[in-house]
Trainee: 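After the structure tokens below, expect a handful of questions from me.
What you see is a predicted model; the values in this text were computed from it and never measured. Proteins come first, then strands; the chains are lettered A, B, ... in the order of their sequence lines, and each starts at number 1.
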Amino acid sequence: MQRHIDTQIQALRQEFITMGLEVKASLEKAIQAVKEDDQVAAKEVIEHDEIINGHEIHLEKKTAQIIALQSPVAGDLRETISILKASSDLERLADHAVSIAKSVLLLKEEYRDEQIDAMIGQMGNNVLEMLSSILKAYTEVDDKLAVQIAAKDTGNDELYLKIRERTLSLIKSKPKFISEGIDYLQIANHLERSGDYITNIAEWIVYTKKGKITELGRNDL
Amino acid sequence: MEKEKIITSQNVHLYYGEKEALKGIDLDFPKNGIHALIGPSGCGKSTYLRCLNRMNDLIDNVKITGAIKLDDEDIYSPKMDTVELRKRVGMVFQQPNPFPFSIYENVVYGLRIAGVKDKNLLDERVETSLKQAAVWDDVKDDLHKSALALSGGQQQRVCIARVLAVKPEVILLDEPTSALDPVSSNKVEEMLLTLKNEYTCIIVTHNMQQASRISDTTSFFLNGNLIETGPTKQIFVNPTKKETDDYLSGRFG
Ligand SMILES: Nc1ncnc2c1ncn2[C@@H]1O[C@H](COP(=O)(O)OP(=O)(O)OP(=O)(O)O)[C@@H](O)[C@H]1O
Ligand SMILES: [Mg+2]
């Protein structure tokens with residue numbers, strides 16, 4: 001039986017996925033911009049943020065309407081709440097993409113370090129992979145996949161520590177590197193936080209499926 | 001901490017002639033609070049509710065097996081006095097059913113049957129019960145007018161006062177607000193919330209929002225079976241059975 005609420009929740013799901021893909025595109029572009037020192041791309045990421053914020057606001061409005069008018073319960077209620085919460089995680093992810101893009105505008109070409117660039121690239125790939133898979137897990141309400149994705153976040157945490165170590169030693173030996181060092185650390189920090197938001201989304205997938213509020217692989221730095 | 005149980009039922013089967021209307025119900029109720037019974041039409045909610053004060057005894061050709069206990073006492077034991085039982089386990093019906101006499105006489109009905117003659121005691125019970133039923137202010141100047149002259153919502157609350165007047169332990173309510181407008185329903189709900197600290201209220205309702213608003217526990221019946229029972233918070237957010245989720249979300253029923 002097709003219920004009225006089914007159509008409405010379906011529309012929420014679609015908008016959530018659309019928003020997810022846009023966030024992924026932003027993050028991809030920001031990471032690419034770091035790699036290639038692409039200032040134009042970085043500016044595009046910053047400008048695109050408004051559209052993503054618009055999705056979040058619209059999803060908030062729609063979920064509030066469903067809660068008020070349709071009184072969802074059980075599975076419907078959990079899914080509605082999850083979309084509301086996970087969309088704000090997506091929005092925060094996009095904010096990190098913006099911050100990364102802003103760092104690109106600050107990083108100076110002459111002070112870049114190959115090793116750090118490589119580690120940041122690796123971290124970026126890991127985060128993007130997590131994000132693609134989390135959108136898949138979300139679409140299929142696959143809680144097992146969600147848990148696996150969350151587990152990948154430890155990789156980011158390890159890379160972050162390595163980047164930090166290398167940056168600090170470079171700053172020590174080459175004090176002029178300090179400003180770039182800080183930018184690098186910030187980029188790595190934004191990527192690390194991005195992994196945490198993806199982990200949050202994984203938790204909402206588990207909640208939708210199982211009704212359990214869980215803390216997945218929490219090892220915040 | 002395990003709450004004290006006031007009613008326990010074990011493997012309750014009920015047959016109307018050949019038809020098995022309850023297929024082995026195991027269900028306990030903690031003392032006090034509001035307990036909702038929900039489920040699609042014909043699933044056996046009213047039948048089960050009537051088992052709890054032996055109202056089914058009044059129907060021909062009914063066979064009941066299993067055990068129902070009130071405060072550890074078997075209510076189907078031959079020693080059980082059904083008049084006494086129905087005082088301890090009172091019932092409120094879907095349609096307000098005031099007797100065709102004054103509001104006052106309606107409320108003291110059970111006490112008169114029990115032989116209470118003390119005028120002061122009767123007056124006191126009338127006032128307290130009507131206050132508990134949140135209808136005192138509506139009727140205090142008209143106590144000797146016919147109860148039939150009241151609105152449906154007022155009649156229902158007078159009927160609840162009639163049950164309360166005999167100081168029951170358990171109040172069974174079978175869709176008590178389905179014939180009432182939203183304002184009167186709301187008054188009955190508010191009243192139940194004030195009663196729940198002293199009484200055990202077991203309510204059958206088709207209004208899911210009513211069940212979720214006021215009840216502490218919810219039990220879901222389907223086809224003569226108890227599918228799931230638990231704290232209302234859990235049942236409405238995270239039911240363990242798919243049938244419960246489907247019913248609550250309006251996928252059937
Ligand atoms: N007096 C009776 N004689 C024969 N069958 C009955 C009698 N009362 C109820 N039944 C049958 O028993 C089953 C359960 O009925 P019951 O009235 O308990 O359902 P219910 O859950 O209260 O439904 P509703 O929500 O419509 O009030 C139904 O199939 C009904 O037809
Ligand atoms: Mg009924």
Trainee: With the side chain counted from C-beta on, respond yes when B/Asn238 and A/Arg78 share a heavy-atom pair under 4.5 Å apart, and no when they do not.
Mentor: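 Counting from C-beta outward, B/Asn238 and A/Arg78 do come under 4.5 Å.
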Trainee: Kindly check if the number of other-residue, nucleotide or ligand heavy atoms within 6.0 Å of NZ (B/Lys31) is above 12?
Mentor: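 Atom NZ in B/Lys31 is packed in, count exceeds 12.
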Trainee: Do A/Arg3 side-chain atoms and B/Ser249 backbone N/O form a donor-acceptor pair below 3.5 Å?
Mentor: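 Here the side-chain-to-backbone pair exists.
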Trainee: For atom CZ of B/Arg54, is the number of surrounding heavy atoms from other residues, nucleotides or ligands below 6.0 Å larger than 12?
Mentor: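 Yes.
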Trainee: Heavy-atom count check: over 12 atoms from other residues, nucleotides or ligands less than 6.0 Å from B/Gln10 CD?
Mentor: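 It does not: B/Gln10 CD has 12 such atoms or fewer within range.
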Trainee: Do other residues, nucleotides or ligands put more than 12 heavy atoms under 6.0 Å from B/Arg88 CZ?
Mentor: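 Atom CZ in B/Arg88 is packed in, count exceeds 12.
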Trainee: Kindly give the heavy-atom pair with the smallest separation between B/Asp245 and A/Gly75, and that separation in Å.
Mentor: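 Closest approach of B/Asp245 to A/Gly75, heavy atoms only: OD2-N, 3.1 Å.
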Trainee: Just checking A/Lys162: does its NZ atom have more than 12 heavy atoms from other residues, nucleotides or ligands closer to it than 6.0 angstrom?
Mentor: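 No, NZ of A/Lys162 has 12 or fewer neighbouring heavy atoms, counting only those of other groups under 6.0 Å.
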Trainee: B/Ile235, B/Val237, B/Asp246: which one forms the most heavy-atom pairs within less than 4.5 Å of chain A?
Mentor: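 Among the listed options, the one with the most contacts to chain A is B/Val237.
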Trainee: Looking at every non-hydrogen atom in both residues, tell me the closest pair between B/Gln209 and A/Ser71 and how far apart they are.
Mentor: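 Residues B/Gln209 and A/Ser71, closest heavy atoms: NE2-OG, 3.1 Å.
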Trainee: Atom CG in A/Asp6, atom CZ in B/Arg251: separation rounded to 0.5 Å?
Mentor: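 These two atoms lie 6.0 Å from each other.
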